[in-house]
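First the structure, in the form of structure tokens, and then the observations on it.
No experiment lies behind these values; they were computed from the predicted model shown. Each chain gets a letter, A, B and so on, in the order its sequence line appears, and its residues count up from 1.
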Amino acid sequence: MLDIKRIRENPDQIRHGIANKHEKDRLDELLALDARRRAIIGDVETLKNTRNVVSQQIAQRKKGGENADAQIAEMKGVSDAVASLDAELRAVEEQIADITLYIPNMTHPSVPVGHSAAENVEVRRWVPEGVAGLNADAAFPQLDHIELGKRLDVLDFERGTKLSGSGFALYMGKGATLERALINFMIDLHITTHGYTEVFPPFVVNAASMRGTGQLPKMAEDMYHCEDEDLYLIPTAEVPITNIYRDEIMQGSALPLSLCGYSACFRREAGSYGKQTKGFLRVHQFNKVEMVKFSAPETSYDELEKLVRDAEDVLQALNIPYRVLLLCSGDTSFASAKTYDIEVWSPGENAWLEASSCSCFEDFQARRAGIRFRRDPHSKPEFVHTLNGSGLATSRLMVSLLECNQTVDGKIMVPEALRRYTGFDVID
RNA sequence: GGAGAGGUGGCAGAGUGGUUGAAUGCGGCGGUCUCGAAAACCGUUAUACCCGUAAGGGUAUCGAGAGUUCGAAUCUCUCCCUCUCCGCCA
């Protein structure tokens, strides 16, 4: 959510920002409502002031045994006027909220303006020696993760579908162990060498939390919803972890605060038919370790760079080839001001797969969620800047991990760094 | 699922329908005292919005909403949430 004052004072800038993200522009309507709102407030507060003053006088007169019928009659009219103005004000404010909740965050000046993924900018890539399709020819035919998973009996997409429907994976044997090892490895790396505090959040949250991080109202169709309780399955641990401090005022000395946690992630992926859907490429439930930061405004972009490096560290430790993209405005999500995607290499698909998305939201989420901080015990509360990034999602990572480490005889070598977590060196 | 209790400031906890934005205590901040600290004492300590260059002024907020009233933290109704006990259960 943007500050209404900022919109009022820089309408052209906001108009550009909305256009850059290809969202609907309802600014004229909004500005008219805003003007109406302030006019009503001026009127109604004057009336309320008279009411308060005269009510005091009535109390005084009654105390002194005087008659106050004239004042009481007068105030009856005032109260009626207040009631009708208040009703109109509420209606106007509702309309304002309806519009502002759909205004996207403005992108940072360093974000290239563009329409689609084609205009994203690769900022760097990290590729170890001998990667098939990138800096070497394949020495043998590269199997994809589905084939590998089936042959080694570690991934069973057919039975996952039987259990829950398409888009639900079933890990078996060493595949299940590898998944668990990966999660533990990533969390340990972040909490021991990157300074994060571990969190284990609920996987189901209320509507207020979803509104706080921006999933609601816009993304309602993409989420699993429990009707009876009006609760939502989280699409990412960003939601519960960012909302930990919703409607709170943090101490400035606590910033920047870095949290990280694992969660299962649930996404309906409504309307994604026809996109890459096989195997792990697009699933309704996957595992992810999420990093979340709360920062003072002046350091948030430094924190974003660190966040990306923290995610990259995971991939380098696992020897997985990747590239980092700076997303163009049109590909940057609704709530984000600047986003880097990290894509891992899939020899089986001969393509890059998005495995992480690291974003700075500036105060966009903080405004919605009411997350503030005080620089000093006496200073005014200010909104924090929030950031988050996957560190990382295991499903796409698993694709790359299996495919990049396959051997000519169809086994998979476990990366060195993971072995103390898996307890085995090879899947065969 | 059954029965009960309760939601007031950072926390604890008062509050006959009329200077109650709200007593008191704790905590926080500033100060006095001290070589320094503790203790004690004094002072101070909510947020949002509107008008205003500012100084300042105004309005709202005691879980949420509606009602009664000239006037509601206080009375009525509805809803939400939390807690306790019983039942069930990983």
Using distance only, find each side-chain donor-acceptor pair of residues 65-72 of chain A under 3.5 Å and give its atom names and separation, not counting sequence neighbours.
| unit_1 | atom_1 | unit_2 | atom_2 | d |
| --- | --- | --- | --- | --- |
| A/Asn67 | OD1 | A/Asp69 | N | 2.8 |
| A/Asn67 | ND2 | A/Asp69 | OD2 | 3.2 |

Counterpart residues, side chain to side chain donor-acceptor pair (under 3.5 Å), relative to [X] (two or more places apart):
X	answer
A/Asn105	none
A/Arg211	none
A/Arg151	A/Glu147

Say we look at [N] and [M]: how far apart would their [atom1] atoms be, to the nearest angstrom?
N	M	atom1	result
B/U24	B/G13	C1'	8 Å
B/U20	B/G2	C1'	41 Å
B/A14	B/U32	P	37 Å
B/C70	B/U78	C1'	26 Å
B/C86	B/U47	P	43 Å
B/A73	B/A64	C1'	15 Å
B/A54	B/G71	P	34 Å
B/G21	B/A60	C1'	11 Å

Applying salt bridge (Lys or Arg N to Asp or Glu O under 4.0 Å), name anything that partners A/Glu23, two or more places apart in sequence or on another chain.
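Result, salt bridge (Lys or Arg N to Asp or Glu O under 4.0 Å) vs A/Glu23: A/Lys218.
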For [range], which residue pairs qualify under ring pair (Phe, Tyr, Trp, His ring centres under 6.0 Å), counting only residues two or more places apart or in two chains?
range	result
residues 46-83 of chain A	none
residues 81-101 of chain A	none
residues 13-34 of chain A	A/His22-A/His115

I need the full list of side chain to side chain donor-acceptor pair (under 3.5 Å) pairs touching residues 248-264 of chain A, with sequence neighbours left out, sorted by first then second residue.
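Output for this query lists A/Tyr262-A/Asn287.
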Which nucleotide span of RNA chain B, 5' end to 3' end, has atoms closer than 4.0 Å to non-hydrogen atoms of chain A?
B/G18 to B/G71
Under 4.0 Å from any atom of RNA chain B, heavy atoms only: list the residues of residues 76-85 of chain A that qualify, in numerical order.
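A/Lys76, A/Ser79, in order of number.
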Are A/His145 and A/Phe280 close enough that their ring centers fall under 6.0 Å?
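Aromatic pair counts; centres sit under 6.0 Å.
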For RNA chain B, what is the dot-bracket line, given that a base pair needs Watson-Crick (N1 to N3, plus N6-O4 or O6-N4) or G-U wobble (N1-O2 and O6-N3) geometry with both distances under 3.5 Å, and | means paired with another strand?
((((((((.[[[..)..(.....]]]((((((.......))))))((((((....)))))).[[[[[..)....]]]]])))))))....
N/O donor-acceptor pair under 3.5 Å between A/Lys411 side chain and A/Asn405 backbone
no
